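If you scroll down you'll find the structure; I have some questions about it.
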Amino acid sequence: MSRRILLINGPNLNLLGKREPHIYGSTTLEDIETQARQQAHELGVEIDTFQSNHEGAIVDRIQETAGWGPNVRETDTPGKRVSAIIINAGALTHTSVAVRDALAAVAIPFVELHVSNVHARETFRAHSYLSDKAVAVICGMGAYGYSAAIKFAAKHLKIEGE
Ligand SMILES: O=C1C[C@@](O)(C(=O)O)C[C@@H](O)[C@@H]1O
């Protein structure tokens, strides 16, 4: 059985480690993704990583997990199935019906993740378009949240029928 996790990071998360370190810490996205690949290997799962500052690119990448999307032609080999998505949608969490709809369309269980405690910040960050559809929500654990999400996804989220 192969289990594959897709880790998505949205706008400005390419700046982790540089951006507001008092809020987001000093760990870079590169560090997080390197650690994620190592952890996935140890857990016996596969992991794909994706970061984009663009809402449409994130929607396209989510669609691709179901073999859909503008970059997938009828003749293409079906994309690899993903058993779980871990998504830090950044600011799109609070604004994007499109990301929510894409996650609902592919119907793959997902974990919503935030490095900071979004409930202890500006009030607009307390609302999420994703939380009510997420299997789990992690926030305020810093970079460790990624590790917790991967462990949870690897253990609890399996491709149906496997
Ligand atoms: O870009 C981000 C990062 C964030 O998702 C976090 O990881 O804490 C929290 C969001 O409110 C913010 O827009």
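Counting convention: from 1, in listed order, for ligands and their atoms alike. On a predicted model such as this, the values are computed, not experimentally measured, just so you know.
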- Query: Does one hydrophobic cluster hold both M141 and V115, with members joined at side-chain heavy-atom distances below 4.5 Å?
  - Reply: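 Yes, same cluster.
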- Could you state whether V137 and I5 fall into the same hydrophobic cluster, counting links through intermediate Ile, Leu, Val, Met, Phe, Trp or Tyr residues with side-chain heavy atoms under 4.5 angstrom apart?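 In one cluster: no.
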- Query: Can you check whether H114 has an N/O within less than 3.5 Å of an N/O in ligand 1?
  - Reply: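 Yes; at least one N/O pair falls below 3.5 Å.
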- Query: Between T93 and ligand 1, which residue portion shows a heavy-atom distance shorter than 4.0 Å: side chain, backbone, both, or neither?
  - Reply: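 No part of T93 is near ligand 1 at this cut-off.
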- Message: Checking side-chain polar atoms at under 3.5 Å, does N12 have a donor or acceptor matched by the opposite partner on Y24?
- Response: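 Looking only at side-chain atoms, Y24 and N12 do not form any donor-acceptor pair under 3.5 Å.
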- Nearest protein heavy atom to atom 6 (C) of ligand 1, by residue and atom, and its distance?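 Answer for atom 6 (C) of ligand 1: V115 N, 3.3 Å.
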- Query: Which heavy-atom pair separates Q51 from L13 by the least distance, and what is that distance?
  - Reply: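 Taking Q51 first and L13 second, the nearest heavy atoms are NE2-N, 4.1 Å.
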- Task: Provide, to 0.1 Å, the distance between atom 12 (C) of ligand 1 and the closest protein heavy atom, together with that atom's residue and name.
- Result: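 That would be R125 NH1, 3.3 Å.
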- Query: Among the clusters formed by ILVMFWY side chains lying less than 4.5 Å apart, do I58 and L15 turn up in the same one?
  - Reply: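 No, I58 does not connect to L15 through the hydrophobic network.
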- Which atoms of ligand 1 have any heavy atom of R19 under 4.0 Å away?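 Close to R19: 1 (O), 2 (C), 3 (C).
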- Query: Numbering the atoms of ligand 1 from 1, which are under 4.0 Å from a heavy atom of V118?
  - Reply: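 In order of number, 9 (C), 11 (O).
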- Answer yes or no: does an N/O atom from L113 fall short of 3.5 Å to an N/O atom of ligand 1?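 Not met; the criterion fails.
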- Message: For the 3.5 Å polar cut-off, considering only N or O atoms, please tell me whether R121 and ligand 1 meet it.
- Response: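 Checking ligand 1 against R121, no N or O pair falls under 3.5 Å apart.
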- Item | Min heavy-atom dist N88 to ligand 1 below 4.0 Å |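 N88: in contact with ligand 1 (<4.0 Å).
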- Message: Counting neighbours of NE2 on H54 that are heavy atoms of other residues, nucleotides or ligands and sit closer than 6.0 Å, is the number greater than 12?
- Response: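 Open.
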- Message: Applying a strict under-4.5 Å side-chain criterion to I, L, V, M, F, W and Y, I'd like to know whether V118 and I32 cluster together.
- Response: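 Per the 4.5 Å side-chain linkage, V118 and I32 are not co-clustered.
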- Task: Identify the heavy atoms of A36 and L7 that sit nearest to each other, and give their distance.
- Result: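 A36 and L7 have their closest heavy atoms at CB-CD2, 4.3 Å.
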- How far is atom 8 (O) of ligand 1 from its nearest protein heavy atom, and which residue and atom is that?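 The closest heavy atom on the protein side is S116 OG, 2.6 Å.
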- Please report which non-hydrogen protein atom sits nearest to atom 10 (C) of ligand 1, along with the residue it belongs to and the distance in Å to one decimal place.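 The closest heavy atom on the protein side is H94 NE2, 3.5 Å.
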